[in-house]
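The structure appears right after this line, and notes come after that.
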Protein chains: 2
Amino acid sequence: MLNISGGKRGRITIHEVAAAAAVSISTASKALNDTGRMGSETRERVKRIAAAIGYRPNALARGLLSKRSFTIGLLTNDTYGRFTLPVMAGISDALVDHGVSVFLCAIEDDPALAQIHVDAMLDKQVDGIIATGKRLDRRLPVDLSNLHVPVVYAFTEGTQNSVTFRSDDEQGARLAVEWLVKIGRRRIAHITGPEDFFSVRERAGAYHEVAGHREPVLYGVWSESWGHEAVDQLWRRPGEKPDALFCGNDQIARGAVDALRERGVKVPQDVSVIGFDNWEIVAAQTRPPLTTVDMELKELGRQAGLTVLALAEGRPVEPGVRKLPCRLIVRQSCGGEAPQG
Amino acid sequence: MLNISGGKRGRITIHEVAAAAAVSISTASKALNDTGRMGSETRERVKRIAAAIGYRPNALARGLLSKRSFTIGLLTNDTYGRFTLPVMAGISDALVDHGVSVFLCAIEDDPALAQIHVDAMLDKQVDGIIATGKRLDRRLPVDLSNLHVPVVYAFTEGTQNSVTFRSDDEQGARLAVEWLVKIGRRRIAHITGPEDFFSVRERAGAYHEVAGHREPVLYGVWSESWGHEAVDQLWRRPGEKPDALFCGNDQIARGAVDALRERGVKVPQDVSVIGFDNWEIVAAQTRPPLTTVDMELKELGRQAGLTVLALAEGRPVEPGVRKLPCRLIVRQSCGGEAPQG
DNA sequence: GTGATCTGAGAAAAGCTTTTACCAATCCTT
DNA sequence: AAGGATTGGTAAAAGCTTTTCTCAGATCAC
């Protein structure tokens, strides 16, 4: 049988450090935290001894006093992890240097479960909460508006007077369509997701502006099969076919590429296809690999992390919605110049 | 400017409860924890008042005393989240009822980063650590063997005398090949990942046993394009073609299905294709949707969570490797009977 | 040489909860 | 009715740090 031998009894406290250095506890504490007044040789000796015996301060005791737990909570309803994982990586990346750890709480659009997780986080005195979702125009199924800890929203709808991070879908769509125009495409169709998504409408708006309305927008669902079917619809129609497809996400783009290949249409020679999301697993494995728009989710997470940290430390932060610019990832599904980077 | 108004000063402590109920702090504590002796009306009154004023015990203070933080750490080097997210979901699912929250620490095969995260978790007095990876025969780049908190391994190689959870790849492969045999296939080829993966060898072994060695195993990489290329190789060879493909993961299977379609071979009529992983995003979007083997990662996470909890509570646990059975997911890429469930 | 300032360090409180020890009043037993 | 058990509750300690206050001794000014 396996048993955790010794338990936590062996943990070294500041008492041991003080005893080993033959100083008082307060002196030891001040030496280690570079506070207070004392001789530099004393300070160094305490530090040296603490390091030698492997002392690490107990974050619970420290947090109890300082009201900072160096812990934040990440709430998400994105079970798939399509958005959460990059955002999480960015948050973690930004906060690990500050000694902050992240509780990940996956709530499956279940208000009761969400409340349990929020309560647990508050009990554990999190310094703040980041709420993330998978679409900009939906709220998480739990009210975070009067929490006495700071809350930052990322990729989900925030409350009045909160700070919310999102990608700039309009700019991203513009980037995509301008690229298609730049490489000489003129009959650009837009195959995208459900029209009730805010980001779908925003991207469609940008598409109309840049492309000049030559083709209608095909709204559907976020799946490969919709991309496939949309191409069938377009190519069954009489008249000139599009020479480029701007797709609402990489899955749709992939379905479209497959459908074009089955029809004998060459990508990118005959038709350029551009995706959205830069979901590597889809975009890079498509043949040819997809040129697409990256929403810089990791950077978004990083900024959200730094913001919640700022709020937790009492630094003032301007409320409002922050739109982060997207970035064009050039691969081979559009033709044009060679991939950069 | 946004500022966290009030900070945590407003938090209600047990002092407020005691004062409101006109009892001592110790009485209040005992009433709320159902310990000690007191009149039932006193106990009820305290509970009622605590609920009314919204008292929640401070987990930091409680943990400082009890040596239990009701927190565990999840360490992973699986950046993609292919394995981590389901495992994480299972862990969270199993532990949320016990009031345990999970720190997610993504280490990118970076030993220094891993050490930072482990130290941070230990400072925060986690009750245990679950280490997860993306392959069974690799270690995480950090030593967790002498930690004085329990460590459980999931989907990564553990240390001597630890408890490790993994899927039963042999049984899973057997499930797949037996299914192909059952629906009448006889010339079953196996296209899989790199031979240096332990699970690849294990699956190949089961394949050989069940299929009776009729076809060689094609080792490659875990990508669609390898699945595609492997089919080309098989179909370029002279002689009879396979009537079934057992693929090492869903991505390979998908590449194979695409290649077959391009060759005019019908799936599942002419050739059955079976995948491995049940990665919905790939398996369900393939045309036809893939029959595949599910590794029950969520259940694996659940068991790992309960095990680390048991160890944290001092309950003895049998060390060793626990193989969890896989499950066959029948979709349409093999033919045979209709999808079940 | 005396009062004022500075230096190095320790004592104690605070942060919040749980647990142990203890006490006064009531009840039971014989 | 007296001694012992039971009941209902309180005081205090413990858990680990950080911070504020205090203090003794040394240094300095004049």
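Each chain gets a letter, A, B and so on, in the order the sequences are listed, and its residues count up from 1.
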>> Checking D143(A) against S145(A) for the side-chain hydrogen bond (donor to acceptor under 3.5 Å, both in side chains) test, could you report, in this order, the C-alpha distance in whole Å, the side-chain angles of both residues, the deciding distance, and whether it holds?
In response: CA-CA 6 Å; D143(A) 182 23; S145(A) 55; 2.7 Å; yes

>> Between K124(A) and D119(A), does any NZ, NE, NH1 or NH2 come within less than 4.0 Å of an OD or OE carboxylate oxygen?
In response: no

>> Any base atoms under 4.0 Å from T42(A), or only sugar-phosphate, or nothing? Heavy atoms, all strands.
In response: sugar-phosphate

>> Using a 4.0 Å heavy-atom cut-off, does R43(B) contact any base of the nucleic acid, only the sugar-phosphate backbone, or nothing at all?
In response: nothing

> Going by heavy atoms in the side chains, are T132(A) and F83(A) under 4.5 Å from each other?
Replying inline: no

> Closer to the 5' end of DNA chain D via nearest nucleotide, is it A61(B) or R62(A)?
Replying inline: A61(B)

> Do the side-chain N or O atoms of N58(A) get closer than 4.0 angstrom to the phosphate oxygens (OP1, OP2) of dT17(D)?
Replying inline: no

> Separation of R56(B) atom CZ from dC16(C) atom P, in whole Å?
Replying inline: 17 Å

>> Taking only side-chain N and O atoms of Y55(A), does any of them lie within less than 4.0 angstrom of OP1 or OP2 on dT17(D)?
In response: yes

>> Using a strict threshold of under 4.0 Å (side-chain N to carboxylate O), is an ion pair present between D123(B) and R62(A)?
In response: no

> Rounding to a whole Å, what distance do you find between R68(A):CZ and dT17(D):P?
Replying inline: 18 Å

> Looking only at atom types and distance, does a side-chain atom of S24(B) sit under 3.5 Å from a main-chain N or O of T27(B), one as donor and one as acceptor?
Replying inline: yes

>> Please report the distance, rounded to the nearest Å, between CG in D123(A) and C1' in dC16(C).
In response: 13 Å

Tabulate protein N/O versus nucleotide N/O from nucleotides 10-12 of chain D, keeping only pairs under 3.5 Å, one per line.
unit_1: dT10(D); atom_1: OP1; unit_2: S24(B); atom_2: N; d: 3.3
unit_1: dT10(D); atom_1: OP2; unit_2: S24(B); atom_2: N; d: 3.0
unit_1: dT10(D); atom_1: OP2; unit_2: S24(B); atom_2: OG; d: 2.9
unit_1: dT10(D); atom_1: OP2; unit_2: T27(B); atom_2: OG1; d: 2.3
unit_1: dT10(D); atom_1: O4; unit_2: K30(B); atom_2: NZ; d: 2.9
unit_1: dA11(D); atom_1: N7; unit_2: S26(B); atom_2: OG; d: 3.3
unit_1: dA11(D); atom_1: N6; unit_2: S26(B); atom_2: OG; d: 3.3

>> Expressed as a whole number of angstroms, how long is the span from F70(A):CZ to dT18(D):C1'?
In response: 12 Å

> OP1 or OP2 of dA14(C) sitting under 4.0 Å from any side-chain N/O of K67(A)?
Replying inline: no

> Looking only at heavy atoms, which two atoms of I107(B) and H117(B) are closest? And how far apart?
Replying inline: CG2-ND1, 3.8 Å

>> Both T13(B) and S40(A) contact DNA chain C. Taking the nearest nucleotide for each, which residue is further toward the 5' end?
In response: S40(A)

> From dT17(C), dC16(C), dT18(D), pick the nucleotide closest to the side chain of I14(A)?
Replying inline: dT18(D)

